[in-house]
Amino acid sequence: MRLWLLPVASGALFIALWYGVRVYSGLQSWILPTPLEIMEAAWRERTRLLMAAGNTALGALAGFLLAGSLGFLTSLLLGASQSLRASLYPWLLVLQMTPVIVLTPIIVLWAGPGLPGIITVTWLISYFPIVANMTQGLLSTDLNLVALFRMGNASRLQEILLLRVPSAMPYYLAGLRIAATLAPIGAIFGEYMVGNSAGGTGGLGFLVYSYNTQIKIPALFATALTSCLLGFIFVAAVALLNWAVLHKWHDSFERHDH
Amino acid sequence: MRLWLLPVASGALFIALWYGVRVYSGLQSWILPTPLEIMEAAWRERTRLLMAAGNTALGALAGFLLAGSLGFLTSLLLGASQSLRASLYPWLLVLQMTPVIVLTPIIVLWAGPGLPGIITVTWLISYFPIVANMTQGLLSTDLNLVALFRMGNASRLQEILLLRVPSAMPYYLAGLRIAATLAPIGAIFGEYMVGNSAGGTGGLGFLVYSYNTQIKIPALFATALTSCLLGFIFVAAVALLNWAVLHKWHDSFERHDH
Amino acid sequence: METPEPIVNFHSVTKRYGSGPVVLDNIDLTVCRGDFVTFIGPSGCGKSTVLKLVSGLSPWTTGSVSVLGAVPRAARDRQAFIFQDATLLPWLTTQKNAELALRLRRMPAAERTAKAREMLALVGLDRVREYYPRQLSGGMKMRVSIARALTLAPQLLLLDEPFGALDEMTRNHLNEELLALRAQSPFTAMFVTHSVAEAVFLSNRIVVMAAGPGRFHAEVAVDFGYPRRSVLRERPEFQTKVNEVSRLLHQVEEVPA
Amino acid sequence: METPEPIVNFHSVTKRYGSGPVVLDNIDLTVCRGDFVTFIGPSGCGKSTVLKLVSGLSPWTTGSVSVLGAVPRAARDRQAFIFQDATLLPWLTTQKNAELALRLRRMPAAERTAKAREMLALVGLDRVREYYPRQLSGGMKMRVSIARALTLAPQLLLLDEPFGALDEMTRNHLNEELLALRAQSPFTAMFVTHSVAEAVFLSNRIVVMAAGPGRFHAEVAVDFGYPRRSVLRERPEFQTKVNEVSRLLHQVEEVPA
Amino acid sequence: GRREAATAPAPANALVKIRFQTDWFPQPEHGGYYQALAKGYYAAEGLDVEILPGGPNAQVMTSVALGRADLGMTNGDDVIVAVARGVPIKMVGAEMQRDPQGILFHSAHPLHTLRDLNGRTLMAGAGSTWLQVIKKKQGIDFQLMPLVGDLARFMNNKEFVQQCFVTNEPYFARQRGADVGALLIASDTYEPYRVMFAGTAMLAKNPELVRKFVRASVRGWVDYLNGDPSPANRLIAAMRLDLPPEFLAYSIKAMNDYRLVSGDPTKGEFAGQLTAARLRKQIDLLQEVGVLDRKVAVGDVASFEFIPKN
Ligand SMILES: Nc1ncnc2c1ncn2[C@@H]1O[C@H](COP(=O)(O)OP(=O)(O)OP(=O)(O)O)[C@@H](O)[C@H]1O
Ligand SMILES: Nc1ncnc2c1ncn2[C@@H]1O[C@H](COP(=O)(O)OP(=O)(O)OP(=O)(O)O)[C@@H](O)[C@H]1O
Ligand SMILES: [Mg+2]
Ligand SMILES: [Mg+2]
């Protein structure tokens, strides 16, 4: 019970601080709008924000699922053999470390502008944390259990699916949690980079453009707020998954009683 | 020995594929330059690239160190108590999920444009994966060992420093590895967002911007390549740290003999 | 002789883990200062659980437990617990692992190094002080854990099958060392073992437990008086006692299947 | 009677871990089909290491090892290994853990479920089939591990202190069950224990090992013939044998410190 | 696929499909095309035009060069630079005689000429051609900040100057109560067009379609700025819910005030016109400041045959 109150309390503190900064530093609403101004703007722009959030959610979700599944599969490959790891990992790093802006023309060209491009950008951004974590997880398996599988003459596939994958789950889920926060901003960034407004309405990234040029700063922050809310849905989904997968056996779920 | 050859071999394959795509798809150098064209451009632009890489490295390094240390400390707070976690985590998520573009004016105002702003953006981008991972690591400590510390009447601080931190190291290092890849692109993105320069010299982000506008695509890719090389230095440093911290005791360093 | 001071009290204690079945059923127990109480009984009957209740690592469900005049947790600074598993920190060497308990008590480095060395020598591990746990054999790991607890010189020592993974000679040797230590700096012991001979050799009281649900079946007093030497094991009254306890054990144990 | 077929051969085997000290020094050993060989010796003398060499989990340094006519690894499909630790998968229930070895052999689900149930019943764990490892007591975990290995009906069974965490009754019961299983579907066993009585009850050969470096000190033949019943333990020749082995053990064990 | 749409022989009465790529989200600066579409000028030429709205990184020239669109529009400089890099496109007509790029300033710290930029901090697209020109050609020195798209910093700092479209940002800054002005970057020394362009393949195979498209588009532009703009505005507004009608009106007025489309009649300029002389001058300038990879001739960058006569 009490645990639900804490973020609210810290939130109240945070908002007070926010007001304090506004007043004390003499900033104006086009640099740092007050929470109230933001809420007003959010209410005023609610239909557009909702529609845009819907569009962004689509890109974010698709990109996230792609990153989650491809990241999982890639890590299996990387975890499966040291040779594959040595061959592929450097190129994955290259992919990860190439600024998206450089890839933008190619993305637009191959994936197409709009949604496909946005999904690609989202995927690119949220993919690597999953791979890095899951791979570390696959390699961190208890060697006593590995010995058990070796003795059981387990195939490489069995070792991976029955042993390494479950034991890497805490790592994978930590990676998914990172990806969950990256997906919505990735989609917004994607819209910012390769979005278009085919069909007339864009996502939150488009609104960022629009509110920025129109100097509707409270509305801009309301857009950011919307993006955070979207992100919370993703994070909550991952937290649920985390609970479902781990609570029965993993030490991160502290038994009250042991 | 042979392990060093593999990335080279896969690299050769990758380059062959690249040429194949170029030829087969009829793309031209202003879309997808060949590796040779990129190397030529890199050589032509070497002085600018080197200078720019130096500037970017500075921002990336500072941002990375900041993220690594603040991320560590934040996680300690989050790992220390469930109340702190409930109070702070949601707001960290908000910070992470707010598109940087919205914060840009505030960053420039508070941190200042140029290097301080760039460092801030780099930090913002590479901070959260560390926090997410390290926190998960702190919470995943073996409960039998926790019981040992409880029995030893360990203070909360001792439990964290002597038990949870070492056992979270594999998670922290996986987070650092992600941050290492994010730092250089974060710095480039930062230059893109909040950089400034006297008349056009800046970091790689500036070059990306200007090569892109000028459709100097091979030079653009050469810039990306430079950014990757920079990233590799970061990743290599983390890999070294990983080895130093874990090889003696952690199962991810498979003993040949057990 | 003074009246013995009770330092552990169980009053009508029952225990279930979460919403699981009853694991300990209506337990009453008083351990007095200087007692060496051994718990013996079938696997899964709740011996480790008794020790966990005393240490405050696990809460009891109904009844009351007090330890050294306080709630169990509050008495931890005067307790040491040798767990059923070695629970070593994998990133510390043998030496550092043995020092850990003293380090938690903030003993200065030099002093605790010396103390840990002494105890490692006692358990015969002087040559592997720089080994990491993964380089130790099963019995060696357990001995590190024993050394770690012994560095503390506690008032109340909880021992959960500490010697189960050791060969008979080492085991007997450590039994004697344990009693020697106890003569030097007296402690009260609550001990779990599966070896009746060990129980008889070490304890002044033996509690025989029954399973399903876990409960106290009988208590046997062992009044050989301390100090005890290894020759005790050869004496006929020792064997008589062993037989008595074994008989009680046979009563409670229904062979499975 | 046929001439016994040798199925494990050590020829002048030495072993060191990495660049560490010599752990096994110049070992020669032949185990024949149907043998029940027990290794007994001080903690850290290399008993587990011997089993690891036979299973191919660890490479030997010099000499040669062959198992079931092949290099050790190649014979794994006809072996089962009960490790010194329970090594259960924490995310599987008792039942699923017990099924694991069969699952790795791709036995159909229904069949392996039945087989695992049978073995869990044998070790007395039918009531905790749905428990996760963290809900089990130390001895219960070890019994799951035993059940898992027994589902395999191997030709060669390696057992590393399987019964060390169990009370005497359960232990004796499982000793007898093990021999009963062996009578049903014969296997060769290499066994590590610290209990001399257990060694004598189970084995036809007992190898007494010495430490520092690990080596074979003596071998004792136990020719009571199978089947053996629990009454054997009461017989004087049993005690004689126990005393003989104990005496050999006393020779090799130098008490530490 | 898509390419055949433009090149396949059109059956009688059937309209020929044309894809036209713009450089940004729909906005009044694209008004002429939407007007031509709304009023049926394209249809009258036998064209079924689809306007592909752009956005950030719209890759207009790439799109056209690869045949994903048949024609596109962008800044004239960019086309010259692209042609010098080997991109197979050519200008086929002007959309605006002068590019609407300008510099936004607070009236308290005004810019009268580009020289006033000396010593100030300018937020602009790094690598923009005009920056090179004024820096290298006119010796103007300034601090550069990359253009991200926000006006917040500008609003907060009276000394700030920022690249803009004279037809766009000033309106919103004034809306928020700032007293601002905008200086058009185009000047006598540097006068980039805003142009329509086509791929060279399209030009070779189907010049007639290009001619028709340019003709109808210019007609649309003239009508948009001089007649009733509401047909185009309705189309734009449907896709840009965020743009208030007053803004559309402002933007149209600015295009007229600066005579961006019609040009200066006293210099003989008219809507759609491209002159070889101005392009020559432009090419030389770009050559001089070093943004061109190789020498290009006027004929490489533009085709003048499609420009409708005044
Ligand atoms: N992975 C390893 N790396 C280095 N040394 C090791 C390793 N495993 C075991 N040793 C060493 O080898 C020796 C023998 O170990 P082993 O586990 O075989 O002993 P054991 O006879 O089984 O002892 P116990 O009865 O305590 O289980 C020990 O001295 C131990 O320190
Ligand atoms: N964390 C837990 N959650 C649920 N049940 C538990 C837990 N720990 C122990 N149990 C149950 O409590 C009972 C007693 O366990 P305990 O560990 O006290 O047995 P034990 O007497 O020490 O056995 P052993 O000799 O095998 O170590 C067992 O049936 C076990 O399944
Ligand atoms: Mg126990
Ligand atoms: Mg062993």
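Protein chains get the first letters and strands the later ones, always in sequence-line order, with residue 1 at the start of each.
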Residue pair A/L13, B/W91: steps toward the side chain to side chain contact (heavy atoms under 4.5 Å, CB included) verdict | CA-CA 11 Å; A/L13 200 80; B/W91 302 105; over 6 Å; no
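- In this structure, the portion of B/V208 lying under 4.5 Å from any heavy atom of chain A is its side chain and not its backbone.
- Separating the CG atom in A/L88 from the CZ atom in B/F14 is a distance of 11.0 Å, to the nearest 0.5 Å.
- Both the backbone and the side chain of B/L220 come within less than 4.5 Å of a heavy atom of chain A.
- Residues B/N133 and A/I178 have side chains in contact (heavy-atom distance under 4.5 Å, counting atoms from C-beta outward).
- Both the backbone and the side chain of B/A86 have a heavy atom closer than 4.5 Å to some heavy atom of chain A.
- Residues B/T98 and A/C228 have side chains in contact (heavy-atom distance under 4.5 Å, counting atoms from C-beta outward).
- Heavy atoms closer than 4.5 Å to chain A are found in both the backbone and the side chain of B/V94.
- Interface residue B/Y171: backbone and side-chain heavy atoms are both found under 4.5 Å from chain A.
- Looking at B/P90, both its backbone and its side chain come within 4.5 Å of chain A, counting heavy atoms on both sides.
- For the pair A/Y89 and B/V235, the minimum side-chain heavy-atom distance is 4.5 Å or more.
- Remark: B/W243 pairs with no residue by the side-chain hydrogen bond (donor to acceptor under 3.5 Å, both in side chains) rule, at least two apart or across chains.
- Taking A/I185, A/T104, A/T181 one by one and counting their heavy-atom pairs under 4.5 Å with chain B, the maximum is reached by A/T181.
- Between A/D251 and B/S140, the closest side-chain pair of non-hydrogen atoms is not below 4.5 Å.
- Looking at A/P129, the atoms closer than 4.5 Å to chain B (heavy atoms on both sides) sit in the backbone and in the side chain alike.
- Counting heavy-atom pairs closer than 4.5 Å to chain B, the top residue among A/L182, A/V100, A/L84, A/I106 is A/I106.
- Panel note: side chain B/S227, backbone A/M97; a donor-acceptor pair is recorded below 3.5 Å.
- Most heavy-atom pairs under 4.5 Å with chain B: of the set A/G231, A/A132, A/G137, A/P99, this distinction falls to A/P99.
- Comparing A/G11, A/A224, A/A174, A/S87 by how many heavy-atom pairs each has under 4.5 Å with chain B, the most go to A/S87.
- In this structure, chain A has no heavy atom under 4.5 Å from any part of B/Y211.
- In this structure, the portion of B/T141 lying under 4.5 Å from any heavy atom of chain A is its backbone and not its side chain.
- Highest contact tally toward chain B, considering only A/R85, A/Q136, A/Q82, is held by A/Q136 [criterion: heavy-atom pairs under 4.5 Å].
- Between chain B and the options A/L32, A/I188, A/D142, heavy-atom pairs under 4.5 Å are most frequent for A/D142.
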